[in-house]
Amino acid sequence: MENTPESNFAALGLTLPPAPKPLGVYKPMIIVDKRWVYVSGHGPVQDDAKLIIGRIGADMDQDQGKLAARQVGLTILSTLKANLGSLNRVKRVIKVLGMVNCTSEFEKHPFIINGASELFAKIWGEENGIGVRSAVGMGSLPDNIPVEIEAMFELEEK
């Protein structure tokens with residue numbers, strides 16, 4: 001069997017949460033020039049559509065934060081699948097911006113965002129699943145979510 005993003009996802013045994021609806025005046029994703037997919041900032045939506053909330057370094061530890069970032073990655077995958085029909089339409093991850101809601105003493109932002117980056121690497125493979133990335137700390141995030149991530153992807157040519 002060929003390794004595709006869809007088959008790689010199925011092999012992980014994970015489930016996608018419902019694709020979130022915008023909570024403001026923006027689109028969840030947009031395709032530019034039929035090649036580039038920009039995904040708006042996403043939070044950690046769970047299977048029951050509720051958000052994971054809490055501040056890293058105060059309400060949760062770094063391992064819980066990393067799991068929250070993985071959940072954000074799943075939420076992004078849900079938006080991609082809902083809008084594109086299949087993860088197989090995505091060729092590669094281009095860029096990830098991860099924002100971590102944490103105390104001022106917390107310094108392991110890259111560790112947290114690895115939760116999403118490792119997921120993407122498992123979906124699209126080491127070569128195509130790892131793009132450029134920034135991981136930064138924030139004093140707060142909407143609704144007190146621990147992680148928000150936005151990303152850019154390249155589509156397969158038709």
Side-chain angles (χ1 to χ4, degrees), residues 1-20 26-47 49 51-52 54-57 60-102 106-138 141 145-158:
M1 183 171 121
E2 182 184 351
N3 282 345
T4 66
E6 286 287 344
S7 67
N8 292 341
F9 180 79
L12 293 173
L14 299 170
T15 59
L16 292 177
Y26 64 91
K27 295 179 181 184
M29 63 164 265
I30 193 165
I31 299 172
V32 176
D33 294 333
K34 299 179 184 174
R35 185 170 177 199
W36 311 110
V37 177
Y38 292 83
V39 178
S40 293
H42 278 56
V45 177
Q46 301 175 92
D47 291 349
L51 292 169
I52 297 171
R55 193 166 195 211
I56 299 165
M60 62 178 63
D61 64 25
Q62 68 181 20
D63 291 324
Q64 292 168 313
K66 185 177 180 182
L67 287 173
R70 182 181 79 168
Q71 195 63 36
V72 177
L74 289 168
T75 306
I76 290 171
L77 296 179
S78 182
T79 291
L80 289 170
K81 189 160 182 162
N83 287 275
L84 299 174
S86 172
L87 299 177
N88 293 342
R89 291 208 41 215
V90 176
K91 178 179 180 180
R92 71 174 300 133
V93 177
I94 300 295
K95 181 174 185 353
V96 170
L97 169 61
M99 297 161 275
V100 180
N101 178 12
C102 59
F106 188 79
E107 299 176 343
K108 304 292 184 193
H109 311 97
F111 176 85
I112 301 298
I113 303 306
N114 280 347
S117 295
E118 291 169 1
L119 174 66
F120 293 165
K122 289 176 182 172
I123 301 297
W124 287 285
E126 295 285 321
E127 181 62 28
N128 291 329
I130 300 172
V132 298
R133 186 182 88 175
S134 298
V136 297
M138 300 287 175
L141 287 173
I145 58 174
V147 181
E148 181 175 345
I149 297 173
E150 67 177 47
M152 180 183 173
F153 300 87
E154 180 182 8
L155 290 176
E156 289 284 0
E157 293 183 33
K158 287 187 176 182

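What you are looking at is a predicted structure, and each value in this text was computed from that prediction instead of being measured. Starting from 1, each residue takes its place in the sequence as its number.
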Engineer: Does some side-chain heavy atom of Asn114 sit less than 4.5 Å from a side-chain heavy atom of Lys66?
Structural biologist: yes

Engineer: Under the criterion side-chain contact (heavy atoms from CB on, under 4.5 Å), I'd like the reasoning laid out for Leu12 against Ile123: C-alpha separation, chi angles, the key distance, then a yes or no.
Structural biologist: CA-CA 9 Å; Leu12 293 173; Ile123 301 297; 3.8 Å; yes

Engineer: Is there side-chain contact between Ser117 and Ile130, with at least one heavy-atom pair below 4.5 Å?
Structural biologist: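 Not in contact.
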
Engineer: Which atom pair, heavy atoms only, marks the closest approach of Asn88 to Glu6?
Structural biologist: OD1-N, 3.0 Å

Engineer: Quick one: pull up CG in Leu67 and CD1 in Ile112 and give me the separation to the nearest 0.5 Å.
Structural biologist: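 Rounded to the nearest 0.5 Å, the CG-CD1 separation comes out at 9.5 Å.
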
Engineer: If you look at every heavy atom in Leu77 and Leu87, which pair is closest and at what distance?
Structural biologist: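 Here Leu77 and Leu87 meet closest at O-CD2, 3.7 Å.
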
Engineer: Report yes if the side chains of Glu154 and Trp36 come closer than 4.5 Å at any heavy-atom pair, otherwise no.
Structural biologist: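 Answer yes - side chains close enough.
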
Engineer: Between Trp124 and Phe153, how do the two ring planes meet: parallel, tilted or perpendicular, split at 30° and 60°?
Structural biologist: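 Tilted, since the angle between the ring planes falls between 30° and 60°.
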
Engineer: Please round to the nearest 0.5 Å and tell me the distance separating atom CG of Leu74 and atom CG of Leu119.
Structural biologist: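 So the gap between those two atoms works out to 5.0 Å.
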
Engineer: Mind checking the CZ-CD spacing from Arg35 to Glu157? Nearest 0.5 Å is all I need.
Structural biologist: 6.0 Å

Engineer: Closest approach of His42 and Pro20, non-hydrogen atoms and distance?
Structural biologist: CD2-CG, 3.8 Å

Engineer: Working to the nearest 0.5 angstrom, can you tell me the gap between Leu80 CG and Leu16 CG?
Structural biologist: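 Answer rounded to 0.5 Å: 9.5 Å.
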
Engineer: Considering only heavy atoms from C-beta outward, does the side chain of Arg133 approach that of Pro110 to under 4.5 Å?
Structural biologist: yes

Engineer: Verify, without hydrogens or angle tests, whether Asp61 (side chain) and Asp63 (backbone) share a donor-acceptor contact under 3.5 angstrom.
Structural biologist: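 Answer holds: yes.
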
Engineer: To check you understand the geometry: which heavy-atom pair defines the closest contact between Arg92 and Glu127, and what is its length?
Structural biologist: NH2-O, 3.3 Å

Engineer: Drop me the distance from Arg55's CZ to Cys102's SG, to the nearest 0.5 angstrom.
Structural biologist: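 Output value for this atom pair is 7.0 Å.
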
Engineer: Taking only residues two or more places apart in sequence, or in another chain, which ones meet Ile52 in a side-chain contact (heavy atoms from CB on, under 4.5 Å)?
Structural biologist: Pro44, Gln46, Met60, Ala68, Gln71, Pro146

Engineer: Measuring only between side-chain heavy atoms, which start at C-beta, is Ile145 closer than 4.5 Å to Asn101?
Structural biologist: no

Engineer: Report yes if the side chains of Val72 and Glu148 come closer than 4.5 Å at any heavy-atom pair, otherwise no.
Structural biologist: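 The answer is no, as the side chains (C-beta and beyond) never meet within the 4.5 Å cut-off.
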
Engineer: Does some side-chain heavy atom of Val37 sit less than 4.5 Å from a side-chain heavy atom of Arg89?
Structural biologist: no

Engineer: Do you know the tightest heavy-atom contact between Val147 and Gly65?
Structural biologist: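 Taking Val147 first and Gly65 second, the nearest heavy atoms are CG2-O, 3.9 Å.
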
Engineer: Please give me the minimum heavy-atom distance between Lys34 and Ile31, naming the atom from each residue.
Structural biologist: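 Closest heavy-atom pair between Lys34 and Ile31: CA-CG2, 3.8 Å.
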
Engineer: For Glu156, is the CD atom crowded, meaning more than 12 foreign heavy atoms sit under 6.0 Å from it?
Structural biologist: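 Count over threshold, so yes.
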
Engineer: Going through the distances and angles, do Leu84 and Leu155 end up as a side-chain contact (heavy atoms from CB on, under 4.5 Å)?
Structural biologist: CA-CA 10 Å; Leu84 299 174; Leu155 290 176; 3.9 Å; yes

Engineer: When rounded to the nearest 0.5 angstrom, what is the spacing between OG in Ser78 and CG in Asn83?
Structural biologist: 9.0 Å

Engineer: Can you find a heavy atom in the side chain of Phe106 that is under 4.5 Å from one in the side chain of Phe111?
Structural biologist: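 Sidechains of Phe111 and Phe106: no contact.
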
